[in-house]
Novice: 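Have a look at the structure that comes next, please.
One-based numbering, in listed order, for ligands and for the atoms of each.
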Amino acid sequence: MDNNSAAKKENHKNTWSGRFNEPVSALVERYTASVDFDQRLAEYDIQGSLAHAQMLAEQGIISNEDFTAIRHGLYQIRDEIRLHQFIWLQELEDVHLNIEKRLTILVGDAGKRLHTGRSRNDQVATDIRLFLRASIDEITNLIKAMQLALLNLAEQHIHTIMPGFTHLQVAQPVSFGHHLMAYFEMLKRDSERLSDCRKRVNQLPLGAAALAGTSYPINRERVAQLLSFDSVCQNSLDAVSDRDFAIEFCACAALIMTHLSRMSEEFILWMNPAFGFIQLADRFCTGSSIMPQKKNPDVPELVRGKTGRVNGHLIALLTLMKAQPLAYNKDNQEDKEPLFDTVDTLTDTLRIYADMLTGVQVNQLVMRQSALHGYATATDLADYLAKKGIPFRDAHEIVAKTVQFAEQKDCDLSDLALDELQKFSSQIESDIFAVLTLEGSMQSRKHTGGTAPEQVQTAIQKAKEWLTAENLKHASMA
Ligand code: ARG
């Protein structure tokens, strides 16, 4: 008998059929089933079941023969799933019941003993935590790959001058490398947030059973050890019902996407010919079907757009959890699709970004011209005067008038002659020209976190050391 018809025959009655007089309608079956999407948890479900069964045998709750049979059965099921030979049945509702039913067909009564001291409530919570732990580890690595790409680009542009903006108006000259390293810092915090979230994800719910625990002499710590959980959830009601760890993960993901959407917005602006600062490699852009001149930054636009979707998933999970009474409620079945989509969107985005950064062409001349046109060194002139004893507010006013004059002459501050400058303040001397150049301005900001090239170089060095330390940490955890 093949897997499909055997399962159908076995399943003519439901798992809990004893108490029910009629089967659910086809619509209710479809409405309540989650197998279409939660089959994605199969590997973790099997991993959890193997640990649970081993503990049951070690505790003498099931026999060693039963455990051996369960293990063989689960291995076979895992192979069937990996080879896409496993037949998922909607009438068996979810990943857990599909696997358990198949196990029973394969190994008989031993399969029926697997669920001893366990409920789908603690089972599903365990599966999600295992899935999320693996996802966090993957995302952390992808963040590092993107950080490395950022570092490489920043290192090539320590001395490249661009206008730094506030209110999207030219503010002060900054090193393009410095600008890129701002994103390194954001991603570093994102990575730290994920590693903190991982601690709360990595707690074992199994043993909580349906809600109150179980009367079998189980050993939860042993299961935690077998599954590499840091420890066990301390309250059975909480263990089966709360999904705060998933919400927290979605909040981390939303922040990462938010950071990437900011960078995307900048790439989109910078690619616009009105800026003309950068070009993205053609593989990240598309043309227009009607306007032959167009090169559209589709990938950054989509990253910006998909941020909305990830933010939406965070709100979906918060709303799902809100006002749920203790303990488990079927509402929680709705946690999976937003969670899976968050992981998929985020991993794709990080992968694509790391690649996109390697193909950024920087138009240094245009960036520089743009800084020159925006009076980016006006603050430097004010600081120069203030250092000579003029109160800063007065210096600010003097420079505002000087800028107005340069604007009328349609030139940069550094293009004004010394006697023209001195009309605004007699304190101005010939050393002012070193201050008014873009390079002079940039080099003068040489404290920790400033844009002076020597500081950017130090920041890149520190970033490299941080990445190496992180890699070592992860290598020792693996
Ligand atoms: N498919 C369910 C979920 O995802 C598994 C737990 C079901 N438990 C229950 N008592 N109906 O949440």
Novice: Using a distance-only test with no angle check, is there a side-chain donor-acceptor pair under 3.5 angstrom linking Q47 and E43?
Specialist: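 There is no such pair (donor and acceptor under 3.5 Å, judged by atom type) between the side chains of Q47 and E43.
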Novice: Distance to the ring centre below 6.0 angstrom and angle to the axis at most 45 degrees; does that hold for R133 and F229?
Specialist: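 Because its charged atom sits under 6.0 Å from the ring centre and within 45° of the axis, R133 does stack over F229.
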Novice: Do we get R40 above F37's six-membered ring, with its NZ or CZ under 6.0 Å from the centre and within 45° of the axis?
Specialist: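 That pair does not qualify as a cation-pi contact.
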Novice: Who's the nearest protein heavy-atom neighbour of atom 5 (C) of ligand 1, and how far?
Specialist: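 Here the closest protein heavy atom is D94 OD2, 3.5 Å.
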Novice: Spell out, as yes or no, whether a donor-acceptor pair under 3.5 Å connects the side chain of Y44 to the backbone of R129.
Specialist: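 Here the side-chain-to-backbone pair does not exist.
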Novice: Students should be able to answer this: which protein heavy-atom is nearest to atom 11 (N) of ligand 1, and at what distance?
Specialist: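 Among all protein heavy atoms, the one nearest atom 11 (N) of ligand 1 is R120 NH2, 3.4 Å.
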Novice: How close does the nearest protein non-hydrogen atom get to atom 12 (O) of ligand 1, and which residue and atom is it?
Specialist: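 Of the protein heavy atoms, Y328 OH, 2.4 Å lies nearest.
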Novice: Considering non-hydrogen atoms of the protein only, which is the closest contact for atom 10 (N) of ligand 1, and what is the distance?
Specialist: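 Its nearest protein heavy-atom neighbour is N121 OD1, 3.2 Å.
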Novice: Does only the side chain of K336 get under 4.0 Å from ligand 1, or the backbone, or both, or neither? Count heavy atoms.
Specialist: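 Only the side chain of K336 comes within reach of ligand 1.
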Novice: Quick check on contacts: which atoms of ligand 1 are under 4.0 angstrom from a heavy atom of S34?
Specialist: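 Checking each atom against S34, I get 1 (N).
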Novice: Determine, considering heavy atoms only, which of E93, Q333, E334, K330 sits nearest to atom 1 (N) of ligand 1.
Specialist: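 Shortest heavy-atom distance from atom 1 (N) of ligand 1: Q333.
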Novice: Look at the side chain of N363 and the backbone N and O of Q279, then say whether any donor-acceptor pair between them is shorter than 3.5 Å.
Specialist: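 Flag not set: sc N363 to bb Q279 has no pair under 3.5 Å.
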Novice: May I ask you to check whether over 12 heavy atoms, not counting those of R71, lie within 6.0 Å of atom CZ?
Specialist: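 Atom CZ in R71 is crowded, with more than 12 foreign heavy atoms closer than 6.0 Å.
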